[in-house]
Trainee: 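Here it is: the structure, laid out below.
Computed over heavy atoms, backbone and side chain alike; hydrogens, waters and symmetry mates excluded. Atoms within each ligand, like the ligands themselves, are counted from 1 in listed order.
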Amino acid sequence: MDKPSTAHRAIVTGGARGIGRAIVERLLADGAQVLSCGRSKMPEDWPASAHWVQADVADPAQVKALVAKATAVFGATTLLVNNAGVQVEKTVADSNDTDWDLVVGVNCRGVFNMCRAVLPQMQQHGGNIINIGSISGVVADPSMGLYNASKAFVHGLTRSIAVDHGPLVRCNAISPGWIMTAMAEEGFALAENPQAAIDDALARHPVGRFGQPDDVANAVAWLAGAQSAYLSGQCITLDGGMTAASPLQPGLF
Ligand code: NDP
């Protein structure tokens, strides 16, 4: 189960940009074989040593073909990182059926599709699954009803896979806070005064900065390796201490 990360044959979903790209590059640097996917064509700056398949994780048939391609390229997958995700900034009252299909399709069904497709191999050969959840699955970000709920699903599925598919398979989640990518920028853009929202958010980070994609990639590298061998079924909050604070601050008044 616990290969050194250098020996992994890894699928990372949504590796074209942002957090997924940082994970792909970190795993490559650690010596893993990596295959990634996205709904778009292979990015022009895609690393030569990584494989790319154009695929939508929400579609079970495309996921089946993706895992078959990975098997043909490098054999049984030993590490799956479910990173692909989408965000819709709406309350439940404002959300429509299209929003449901997109957010639940990618963030919930996509993770389920990928896990279901690799688990038969992992149950034979051993494996490690790392899901990218969110602090939004624990505390509610305003105007993100479906997104928040979809990440709570990811956390729940993480525990179920760990419980049902150990000891050959370990499964954990990383729950990032504000990691500076296109997705985080879209969140701040919702504010009437985005700069004031950024300043306020920054002040709420005990470590004094927002997260970077490499912060998540570092956590993935640790979870993928033997040093985290005793950890399974856990959702690790990676938010610079933001949600450690009480929301009540009487000292300010
Ligand atoms: P980005 O929007 O920057 O990147 C998302 C990637 O996922 C894109 O490459 C996109 O490619 C791919 N993707 C989206 N939908 C699909 C799909 N159906 N099938 C395959 N690939 C898909 O997001 P981030 O890098 O910011 O986020 C990555 C993960 O981290 C997400 O799960 C997100 O929810 C989570 N997260 C992010 C936080 C942040 O602050 N940034 C905080 C907490 C969690 P394409 O559009 O071409 O398909």
Trainee: What do you reckon, does Gly133 put a non-hydrogen atom under 4.0 Å from ligand 1?
Mentor: yes

Trainee: Any atoms of ligand 1 less than 4.0 Å from a non-hydrogen atom of Gly18? List them with their elements.
Mentor: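 Answer, ordered by atom number: 25 (O).
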
Trainee: Just to be sure I read this right, does ligand 1 sit under 4.0 Å from the backbone of Val86, its side chain, both, or neither, counting only heavy atoms?
Mentor: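 It is the side chain that touches ligand 1; the backbone stays farther off.
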
Trainee: At under 4.0 Å between heavy atoms, is it the side chain or the backbone of Val106 that contacts ligand 1, or both, or neither?
Mentor: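 Side chain only; the backbone of Val106 stays clear of ligand 1.
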
Trainee: Can you tell me if Gly177 contacts ligand 1 (heavy atom of the residue under 4.0 Å from the ligand)?
Mentor: yes

Trainee: Relative to the heavy atoms of Ala16, which atoms of ligand 1 are at a distance of less than 4.0 Å?
Mentor: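 Counting from 1, the qualifying ligand atoms are 9 (O).
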
Trainee: Salt bridge between Arg209 and Asp215, side-chain N to carboxylate O under 4.0 Å?
Mentor: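 Yes.
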
Trainee: How far is atom 34 (O) of ligand 1 from its nearest protein heavy atom, and which residue and atom name does that atom have?
Mentor: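 That would be Tyr147 OH, 2.6 Å.
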
Trainee: I need the nearest protein heavy-atom contact for atom 5 (C) of ligand 1: residue, atom name and distance, please.
Mentor: Gly85 O, 3.9 Å

Trainee: Assess, by modelled atom type and distance only, whether the side chains of His125 and Thr78 contain a donor and an acceptor separated by less than 3.5 Å.
Mentor: no

Trainee: Among all protein heavy atoms, pick the one closest to atom 18 (N) of ligand 1 and tell me residue, atom and distance.
Mentor: Asp56 OD1, 2.7 Å

Trainee: Please examine the side chains of Lys69 and Val73, heavy atoms only from C-beta on, and report whether any two atoms are closer than 4.5 Å.
Mentor: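 In short, these two side chains touch, coming nearer than 4.5 Å.
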
Trainee: Taking His8 for its side chain and Ala224 for its backbone only, find out whether a donor-acceptor pair lies under 3.5 Å.
Mentor: yes

Trainee: From atom 9 (O) of ligand 1, work out which of Ser136, Ala58, Gly14 has a heavy atom at the shortest distance.
Mentor: Gly14

Trainee: Enumerate the atoms of ligand 1 whose separation from the nearest heavy atom of Gly38 is less than 4.0 angstrom.
Mentor: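 It comes down to these atoms of ligand 1: 20 (C), 21 (N), 48 (O).
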
Trainee: Take every heavy atom of Glu186, measure it against each atom of ligand 1, and state whether any distance is under 4.0 Å.
Mentor: no

Trainee: Among all protein heavy atoms, pick the one closest to atom 25 (O) of ligand 1 and tell me residue, atom and distance.
Mentor: Ile19 N, 2.9 Å

Trainee: For atom 19 (N) of ligand 1, grab the closest protein heavy atom and report residue, atom and distance to one decimal in Å.
Mentor: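 Nearest neighbour among protein heavy atoms for atom 19 (N) of ligand 1, to 0.1 Å: Val57 N, 3.0 Å.
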
Trainee: To the nearest 0.5 Å, what is the distance between CG (Leu146) and CD (Gln87)?
Mentor: 11.5 Å

Trainee: List every atom of ligand 1 that sits less than 4.0 Å from any heavy atom of Trp178, numbering the atoms from 1 in the order shown and giving each element.
Mentor: 40 (O)

Trainee: Is it the side chain, the backbone, both or neither of Lys151 that has a heavy atom closer than 4.0 Å to ligand 1?
Mentor: side chain

Trainee: Just checking, is any N or O donor in the side chain of Arg170 or Ser228 under 3.5 Å from an acceptor N or O on the other one?
Mentor: yes

Trainee: Do Thr71 and Phe74 have side chains that get closer than 4.5 Å, going by heavy atoms?
Mentor: no

Trainee: Provide, to 0.1 Å, the distance between atom 22 (C) of ligand 1 and the closest protein heavy atom, together with that atom's residue and name.
Mentor: Ala84 CB, 3.5 Å

Trainee: Evaluate the side-chain proximity of Cys115 to Leu80: yes if any heavy-atom separation is below 4.5 Å, no if none is.
Mentor: yes

Trainee: Which of the numbered atoms in ligand 1 are under 4.0 angstrom from any heavy atom belonging to Ser40?
Mentor: 45 (P), 47 (O)

Trainee: Any donor-acceptor pair under 3.5 Å linking the side chain of Asp214 with the backbone of Ala217?
Mentor: no

Trainee: With a 4.5 Å limit on heavy-atom distance, are the side chains of Pro213 and Ile179 in contact?
Mentor: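 Touching, per the 4.5 Å side-chain cut-off.
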
Trainee: Does Ala55 reach ligand 1, in the sense of a heavy atom lying below 4.0 Å from it?
Mentor: yes

Trainee: Looking only at protein heavy atoms, identify the closest one to atom 24 (P) of ligand 1 and say how far it is in Å.
Mentor: Thr181 OG1, 3.6 Å

Trainee: Please check if any side-chain donor atom of Thr158 sits under 3.5 Å from a side-chain acceptor atom of Asn131, or the reverse.
Mentor: yes

Trainee: Regarding ligand 1, does Ser134 bring an N or O atom to under 3.5 Å of one of the ligand's N or O atoms?
Mentor: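 No, there is no polar N/O contact under 3.5 Å.
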
Trainee: Between Ser150 and Val104, is there a donor-acceptor pair closer than 3.5 Å when you use the side chain of the first and the backbone of the second?
Mentor: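 Side chain of Ser150 to backbone of Val104, a donor-acceptor pair under 3.5 Å: no, none is there.
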
Trainee: Specify the protein heavy atom at minimum distance from atom 16 (C) of ligand 1: its residue, its atom name, and the distance to 0.1 Å.
Mentor: Arg39 NE, 3.5 Å

Trainee: Backbone N or O of Asn113 within a donor-acceptor pair of the Lys64 side chain at under 3.5 Å?
Mentor: no

Trainee: Tell me which one of Ile132, Ile174, Asn83, Leu238 gets a heavy atom nearest to atom 31 (C) of ligand 1.
Mentor: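 Heavy atom nearest to atom 31 (C) of ligand 1 belongs to Asn83.
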
Trainee: For Leu79, is there any backbone N or O sitting under 3.5 Å from a side-chain donor or acceptor partner on Asn128?
Mentor: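 Checked: no pair found.
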
